[in-house]
Amino acid sequence: MEFKTVVLINMSKPLSNKTSQKITFNKKFGLAIDSQRSNGKFDLINNEQKDINFEEERRVLYVAMTRARDRLIICSEKKQSPASYMSILNAPDKFFKEVNIDEEEYQVKINEDTRKLINLNEAFKYRYRQNYSITDFLNYDYDEDAYLMKFFFNRDAKKLQGNTYYIDPKVRGNMLHFFAEHYNDEKIDDYIEFLFKIFKEDINGNKFNEIRELIVNYLNMRDKEILYKELEFFYDFNGHIVRGFIDQVVYDEGIYIVDLKTSDLSEEELVKNYKWQLVFYSKVFKNIYKKEVKGAYIYSLKHCKKVPVEINDKIINELDEKFLKFIEQSRKINFYKIFS
């Protein structure tokens, strides 16, 4: 399959060559565990796999470039990752027609010939997803333009989070979710030290106390009857697959959907930013498990407070409209909107 013109974007993006696996296996070296007591076999296997992944990235890039029959346009930022698609090319400048980037405005300037070539009057469909996530939907609902720039061009997008304290918000959230899923009445301080080792986070007094406060608040708030923890789902939304995890499903004279938040956002900000997440989870659980959902809560662990989220048919219908628009915009985008 060939095309008259092929545009390769985001060529300065770092290659995906990392692994979060703690246990790995290799026919030549056997089983290995990522541990301080490891004899180095894990790193040996991991490095070999990185080489394999790198060769696969080269193959994918070759296939993409050779789809162009007449013209190949490559877009890259001036600041590039040492391990990027551009680093793979390592070709003479004469093979490339550069696209200037205005770093102040984060806009790509394309000459008139290229604009005519792409045809800005039509939707430029060039990125498709295998599934959709609730997190991306929330970011889209929060700031559509920022989300699209992140999704299509890997620009930094606004994130739904409060202030950053001593631990990165994402790491902090992952640590609390891991605790909520796996904790079984061990000594709290010992378990916190275990968390820092698991997530390879340097530990100090401030970080320790930050996590401990959130954990103690969670233990004081958690429901007695938890039906599910970290419930993964794949949901068919109008023919599109949506994947996600429901933090907790609890029972208290009815079924409630619970989501854990570690930020310092106020009650009003939490509801404004995350209500659609709880509405979607409630819809999914009801449709998959055929059980009525009585309500939903956001557990504000920073403030040790359960924040209720309203769920009703009208709100669910509004969610459906919003999510369908999100999918449509993620499947196609007007080139002019990004570059003008």
Side-chain angles (χ1 to χ4, degrees), residues 20-23 131-138 160-161 167-201 210-235 237 241-263 265 270-271 273-309 311:
S20 59
Q21 294 179 340
K22 304 299 180 184
I23 301 175
N131 58 67
Y132 299 86
S133 74
I134 303 301
T135 300
D136 283 343
F137 167 63
L138 293 179
L160 296 172
Q161 59 192 31
I167 302 178
D168 178 80
K170 185 176 181 179
V171 176
R172 184 177 65 211
N174 288 338
M175 292 174 77
L176 263 294
H177 281 82
F178 185 94
F179 178 88
E181 182 180 7
H182 299 285
Y183 178 72
N184 192 26
D185 294 329
E186 295 92 345
K187 291 183 178 179
I188 294 178
D189 289 353
D190 291 344
Y191 204 93
I192 293 175
E193 292 182 0
F194 169 70
L195 286 176
F196 276 88
K197 290 181 180 179
I198 286 292
F199 288 92
K200 297 183 178 180
E201 182 75 19
E210 180 179 339
I211 292 298
R212 195 180 197 284
E213 177 190 9
L214 297 171
I215 283 177
V216 170
N217 286 345
Y218 167 74
L219 293 176
N220 290 331
M221 294 171 62
R222 65 176 174 174
D223 290 81
K224 293 182 179 180
E225 192 168 354
I226 302 176
L227 304 178
Y228 299 98
K229 295 179 179 179
E230 297 298 323
L231 180 61
E232 184 179 18
F233 64 83
F234 291 86
Y235 182 70
F237 182 88
I241 301 301
V242 181
R243 178 175 182 256
F245 291 85
I246 302 176
D247 286 354
Q248 293 181 359
V249 180
V250 304
Y251 185 86
D252 184 9
E253 297 182 356
I255 294 175
Y256 289 83
I257 304 299
V258 171
D259 198 77
L260 310 178
K261 299 300 180 189
T262 63
S263 73
L265 295 175
L270 285 171
V271 173
N273 292 335
Y274 294 107
K275 74 171 184 177
W276 297 118
Q277 181 179 15
L278 276 296
V279 173
F280 195 94
Y281 288 169
S282 300
K283 171 189 173 75
V284 167
F285 187 84
K286 177 181 178 180
N287 290 343
I288 292 179
Y289 291 90
K290 310 303 179 185
K291 300 288 185 181
E292 288 295 328
V293 175
K294 189 174 182 179
Y297 286 98
I298 296 172
Y299 282 12
S300 175
L301 301 181
K302 184 66 177 177
H303 302 297
C304 195
K305 187 174 183 180
K306 296 181 180 180
V307 182
V309 174
I311 309 289

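The first residue in the sequence is number 1, and the count goes up from there. These numbers were taken from a predicted model, which means no experiment stands behind them.
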[X] vs [Y] side-chain heavy atoms within contact, under 4.5 Å:
X	Y	result
I215	I188	yes
I134	Y281	yes
Y228	I255	no
L260	V258	yes

If you compare all heavy atoms of [X] against all heavy atoms of [Y], which two are closest, and at what distance to 0.1 Å?
X	Y	answer
V249	I246	CG2-CG2, 3.9 Å
Y256	K294	OH-CD, 3.2 Å
Y299	R222	CE2-CA, 4.4 Å
I211	R172	CD1-CG, 3.9 Å
V271	P308	CG2-O, 4.1 Å
E230	F245	O-CD2, 3.8 Å

> Are F137 and Y132 close enough that their ring centres sit under 6.0 Å apart?
Replying inline: no
>> Y183 and ring-ring contact (aromatic ring centres under 6.0 Å, His included): which single residue from F178, Y191, F194 fits?
In response: Y191
Rounded to the nearest 0.5 Å, how far apart are [atom1] of [X] and [atom2] of [Y]?
X	Y	atom1	atom2	answer
E210	I192	CD	CD1	11.0 Å
E201	I167	CD	CD1	5.5 Å
K170	T262	NZ	OG1	13.0 Å
S300	M221	OG	CE	7.0 Å
F285	I257	CZ	CD1	5.5 Å
L214	L176	CG	CG	5.0 Å

> Could you go step by step and tell me if N217 and K302 meet the side chain to side chain contact (heavy atoms under 4.5 Å, CB included) rule?
Replying inline: CA-CA 7 Å; N217 286 345; K302 184 66 177 177; 6.0 Å; no
>> Has K261 got a side-chain atom pairing as donor or acceptor with I298's backbone, closer than 3.5 angstrom?
In response: no
Please tabulate, for the side chains in residues 286-293, all donor-acceptor contacts under 3.5 angstrom to protein atoms that are two or more places apart in sequence or on a different chain.
{"unit_1": "N287", "atom_1": "ND2", "unit_2": "Y235", "atom_2": "OH", "d": "2.8"}
{"unit_1": "N287", "atom_1": "ND2", "unit_2": "K283", "atom_2": "O", "d": "3.4"}
{"unit_1": "K290", "atom_1": "NZ", "unit_2": "N287", "atom_2": "O", "d": "2.9"}

>> Restricting to salt bridge (charged side-chain N to carboxylate O under 4.0 Å, His left out), what partner residues turn up for K305, sequence neighbours left out?
In response: E267
>> Would Y274 and V307 count as a side chain to side chain contact (heavy atoms under 4.5 Å, CB included) here? Give the steps.
In response: CA-CA 11 Å; Y274 294 107; V307 182; over 6 Å; no
> Does anything in residues 241-253 pair up under side-chain hydrogen bond (donor to acceptor under 3.5 Å, both in side chains), and if so which pairs, sequence neighbours excluded?
Replying inline: H177-D247, Y218-Q248, E232-R243
